[in-house]
There are 2 protein chains.
Amino acid sequence: MTAVAGTAKTLAESAYLRIRDAIRGGALPPGTRLRFAELQDLCGMSVTPVREALTRLTAEGFTTLEENRGYRVAPLSIEELWDIARSRQLIEGEALRLSIAKGGADWEGALVSAHHLMKRIARTTQQAPTVVDEDWNHRHTVFHRSLILACGSPILLSISEGLYDRADRYRRLSWAIPDNPRAIEEEHELIFKSALARDAEAAVTYLRVHYERTAQQVEAFLLNKAQPDVSI
Amino acid sequence: MTAVAGTAKTLAESAYLRIRDAIRGGALPPGTRLRFAELQDLCGMSVTPVREALTRLTAEGFTTLEENRGYRVAPLSIEELWDIARSRQLIEGEALRLSIAKGGADWEGALVSAHHLMKRIARTTQQAPTVVDEDWNHRHTVFHRSLILACGSPILLSISEGLYDRADRYRRLSWAIPDNPRAIEEEHELIFKSALARDAEAAVTYLRVHYERTAQQVEAFLLNKAQPDVSI
DNA sequence: AGACCGCATATTTTCGAAAATACTTGACGC
DNA sequence: GCGTCAAGTATTTTCGAAAATATGCGGTCT
């Protein structure tokens, strides 16, 4: 499970966080059948809050529901990978443009801070994931979010957040790649500097490149290891 | 309630549809407190499926939740009106572009059909809404959906659908305007013809104009009658 | 042998009530 | 007079079990 624990004010919410993180972290692989009995067990609560959690997760695309036949972890596919990437290019691209146009000193400050914090942790490329990387992942999330935070559109923000979370499941796959040749830090750097310099077009271009490369990398991984548990 | 009735395979889904349509139709005005007792009464079922419905509606932006303090119908605001309009211009605009590029003969056929069906019903401007207009509204929905149906992106489609539904609450406000000066039919016509002619840029431009005007009209309405029940 | 039916089992969905939490009201102390 | 606390009420949240629905299995009939 990720950082937060005591933040849930309700059992339903805690179940939501637990299950969502289990899905994102890969503990519940794509396609896994989600039986209430097991989830109740996992979360230590009755069926009602678990059900509520799954309803939310389904609305957000993490799980699927066949009525009267149960929930499953939503499958991963190369089509969806690209659909997510393209949609993010469009939506976060515009949000970034707006953010650069509208953001004030406070926005710049938060952005600089987020970028610094992310750079400060060298991503431990060789280690097992879900340990040290969980920390890096959080800072990465904050960085991307702070890029578009000043866009002034709650809707674009919430859509972006949702797509980021969905992309997370794919992104984590690339962590499993032994030696990662990509210079992610550099890509971040380019986006960051352009944004700070208020060069919206450059920043948006670099952001799009960033998502394009991420998708390409994950695609390569999926094509190579055509694992039985990952439905293509 | 709208068209569908027997389509719900589950009580939770039927509650979802009922409540959602009550919100969209204005029977449950913005800000209304949603007590479980009343909703159980309205839907004729126990608390569990009602709760599930509200969870979904909240994920989709129709209702809001304050934990342990209940649900409310999400408020309407001029800011959100424009946020929705701008987001739709961006997202549906791109979806339309893609649809025009990728759509085949089947797409064209469905589009022509949808447009025809919509034109066939003269919108009864002076009558009370929710009676005849409900039919027009449905055809209008189908028309807009069929424009972008061939875009090839499930994500853009589902986002568009969500935004369309949210916009619906605002759009209905303009139905209350006594004599509606706007030539909506013409705007539809322009979009439709450009799309058929595969002139993506024109079609997208007209679509954006269409959403801009709709928002302007609703904004004027909201500013005029600063009703007590509509929080600005 | 193969398809179809019906029973037993597994699982989801819904219920009605209990527990937890928030709100109201009125009394008390300062 | 005014804020604070407490008991009672209203409401949400959670539970555990019943009802509804799907699944698997074994037997029968062709």
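Order of the sequence lines sets the chain letters (A, B, ...), proteins ahead of strands, with each chain counted from 1.
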What does nucleotides 5-18 of chain D look like as a protein-contact string, B for base, S for sugar-phosphate only, - for none, at under 4.0 angstrom between heavy atoms?
-> ------SSBBBB--
Taken in chain and number order and not counting sequence neighbours, the residues that satisfy side chain to side chain contact (heavy atoms under 4.5 Å, CB included) with Thr55(B) are Glu52(A), Thr55(A), Arg56(A), Tyr71(B)
Excluding sequence neighbours, so at least two apart, what forms ring-ring contact (aromatic ring centres under 6.0 Å, His included) with Phe143(A)?
-> His115(A), His188(A)
Using atom types as modelled, flag every donor-acceptor pair under 3.5 Å from a side chain in residues 30-45 of chain B to any protein atom, sequence neighbours excluded.
from, atom 1, to, atom 2, distance (Å)
Thr32(B), OG1, Pro29(B), O, 2.4
Arg35(B), NE, Glu38(B), OE2, 3.2

Please name all residues satisfying salt bridge (Lys or Arg N to Asp or Glu O under 4.0 Å) with Arg97(A), sequence neighbours left out, ordered by chain then number.
-> Glu94(A), Glu201(A)
Counterpart residues, salt bridge (Lys or Arg N to Asp or Glu O under 4.0 Å), relative to Glu80(B) (two or more places apart) = Arg166(B)
